[in-house]
There are 2 protein chains.
Amino acid sequence: MDEVAATPRSLKHVAVREYVRSLVEGADAGSPAPSERELVQRFGVARMTVRQAMDALVSEGLLERMPGRGTFVARPRRRVGRLTSFTEDMERRGMLAESQTLLARREQAGPGVAKALGITPGDAVIHWKRMRYADNAPMCIEDAYLNEVLLPGFLQAAMPTSLFDALAARGLRPTWAEDAITSDKANAEEANLLQVQPGTSVLVVARRALAGEKPVEVSRSVYRADRFTLWVQLGEES
Amino acid sequence: MDEVAATPRSLKHVAVREYVRSLVEGADAGSPAPSERELVQRFGVARMTVRQAMDALVSEGLLERMPGRGTFVARPRRRVGRLTSFTEDMERRGMLAESQTLLARREQAGPGVAKALGITPGDAVIHWKRMRYADNAPMCIEDAYLNEVLLPGFLQAAMPTSLFDALAARGLRPTWAEDAITSDKANAEEANLLQVQPGTSVLVVARRALAGEKPVEVSRSVYRADRFTLWVQLGEES
DNA sequence: TAGTGGTCTAGACCACTAT
DNA sequence: TAGTGGTCTAGACCACTAG
């Protein structure tokens with residue numbers, strides 16, 4: 001009824017959590033965080049409330065508890081295999097990513113693509129094939145199929161440089177992907193597009209990308225191995 | 001002093017947690033877990049204690065809370081890029097992994113290896129080069145350097161098939177690795193060992209593996225691309 | 001309306017660490 | 001000995017869901 005509705009309660013544990021986060025952000029690993037009883041005093045809340053706040057930061061990996069000693073800023077966790085787009089990947093390498101569309105049209109899904117996208121063969125898919133450049137030189141040929149049902153009007157809209165951005169705008173930024181990575185020799189067409197000799201060794205990445213539970217993209221990317229090294233971080237379960 | 005020392009306290013929240021885990025393990029996703037108040041009754045504990053138990057299972061990804069409805073078995077989380085050994089990898093592919101040592105000796109670390117292992121050039125390293133077979137056919141040439149300081153007497157001991165097992169026995173099973181994946185043409189020696197034509201396209205994986213904070217292994221593996229596809233799962237932060 | 005999870009209180013005792 | 005985090009109690013009110 002009144003304007004308080006947007007934030008119905010103060011959520012004390014959130015207040016405590018964000019206060020501690022602001023203290024701790026940017027601090028060196030090993031710096032002490034306020035003790036729980038100190039936060040109880042400062043905020044005038046029960047200790048269980050403070051613990052709830054700290055629990056969240058601990059499970060986030062920001063803090064580390066040491067019984068009998070106190071709570072401290074944890075060393076940053078190692079990051080495991082983040083999912084990035086070509087554009088983001090090139091940016092991370094300090095290169096400028098550009099694209100040239102080779103083909104963009106509506107097609108009927110073949111059996112392989114249909115299975116990977118979790119649709120029925122013959123269903124509509126968007127077939128988008130692009131040359132990918134980094135610092136003005138050929139880097140990769142990307143051949144992608146997208147689930148048309150999830151992307152109405154995609155081909156009519158102005159084609160963006162970043163597929164991930166376009167998907168993100170529809171709330172479909174991929175959150176998970178499985179890649180199958182192989183090595184091959186460039187055929188005549190690939191060699192021509194990549195501006196290498198036919199038979200040159202290329203790196204081939206076949207990707208199936210999902211946004212939440214929904215498969216959105218299946219693609220095959222052929223990289224120039226002389227310009228591109230794929231970096232992967234692997235870890236045990238967090 | 002007496003035999004109770006091994007389990008000094010009953011840890012009620014652990015008892016509740018493991019009880020719920022046993023109920024829930026193997027159950028279908030979406031099945032209801034006992035309600036919190038039901039567990040309060042059954043165990044005669046406070047609700048906060050039950051919540052502590054359930055919190056653990058929720059953050060493990062085993063349970064999912066739905067306010068106003070209850071707590072349910074969560075759908076299994078997607079796994080992100082697990083770190084496996086060659087032996088485990090081949091087992092997962094339903095193939096029999098075997099090895100043949102080509103070289104195993106103590107050496108002085110060169111600058112590149114030293115940097116990767118976080119030691120000083122000239123420090124002792126173990127250089128271990130092996131042929132890796134899968135189902136009795138060549139699959140990979142693995143050329144590894146290990147930090148000798150962490151593995152005293154490694155060369156004197158019987159050389160195991162699985163490096164990961166050997167490291168695990170010393171509490172040094174790698175928990176994190178960064179791979180740099182490229183594609184190349186087999187040179188004469190590689191072609192001979194892999195039993196392919198020289199110039200055949202091969203997949204090259206350069207790995208740096210850490211156990212906790214300690215770099216233990218740096219290696220370069222050359223795979224037959226016609227027999228091997230590398231699978232990688234990528235995800236956003238959990 | 002009954003039941004669920006979400007939040008919160010105001011205490012308590014314990015084991016452990018550091019001084 | 002003083003302080004810390006770990007565990008636990010016995011309540012309470014709230015928003016939400018479902019019948």
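As the structure is a prediction and not an experimental result, all values here were calculated from the model. Lettering follows sequence order; numbering is per chain, from 1.
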Think [X] has a side-chain N or O under 4.0 angstrom from the OP1 or OP2 of [N]?
| X | N | answer |
| --- | --- | --- |
| A:Arg47 | C:dG11 | no |
| B:Ser35 | C:dG3 | no |
| A:Thr49 | C:dC8 | no |
| B:Thr71 | C:dG5 | yes |

Which whole-number value in Å describes the distance from [X] [atom1] to [N] [atom2]?
| X | N | atom1 | atom2 | answer |
| --- | --- | --- | --- | --- |
| A:Phe72 | C:dT17 | CZ | P | 12 Å |
| B:Met48 | C:dC13 | CE | P | 19 Å |
| A:Met66 | D:dT4 | CE | C1' | 11 Å |
| A:Leu39 | C:dA10 | CG | P | 17 Å |
| B:Arg51 | C:dT9 | CZ | C1' | 15 Å |
| A:Arg17 | C:dT7 | CZ | C1' | 13 Å |
| B:Leu63 | C:dT4 | CG | P | 15 Å |

Please determine, for the side chain of [X], which listed nucleotide ([options]) has the closest atom?
| X | options | value |
| --- | --- | --- |
| B:Val45 | C:dT9, C:dG6, D:dT9 | D:dT9 |
| B:Gln52 | C:dG5, D:dA10, D:dC8 | D:dC8 |
| A:His13 | D:dT4, D:dT7, C:dT7 | C:dT7 |
| A:Arg37 | D:dT4, C:dC8, C:dT4 | D:dT4 |

Given the side-chain rings of A:Tyr145 and A:Trp128, with only the six-membered ring counted for Trp, is the space between their centroids under 6.0 Å? no

If you take all heavy atoms of A:Arg93 and A:Thr229, which pair is closest and at what distance? NH2-O, 2.8 Å

From CZ (B:Arg105) to NZ (B:Lys129), nearest 0.5 Å: 10.0 Å

Partner of C:dC14 under the Watson-Crick or G-U wobble criteria, both distances under 3.5 Å, comes out as D:dG5

Whichever of B:Arg69 and B:Ala46 has the more 5' nearest nucleotide on DNA chain D, that residue is B:Ala46

Nearest nucleotide by nearest heavy atom, which residue falls closer to the 5' end of DNA chain C, B:Glu36 or A:Pro67? B:Glu36

If you define the side chain from C-beta out and look only at heavy atoms, does anything of A:His13 sit under 4.5 Å from A:Leu11? yes

Does B:Glu148 come within less than 4.0 Å of B:Arg106, counting only side-chain N to carboxylate O? yes

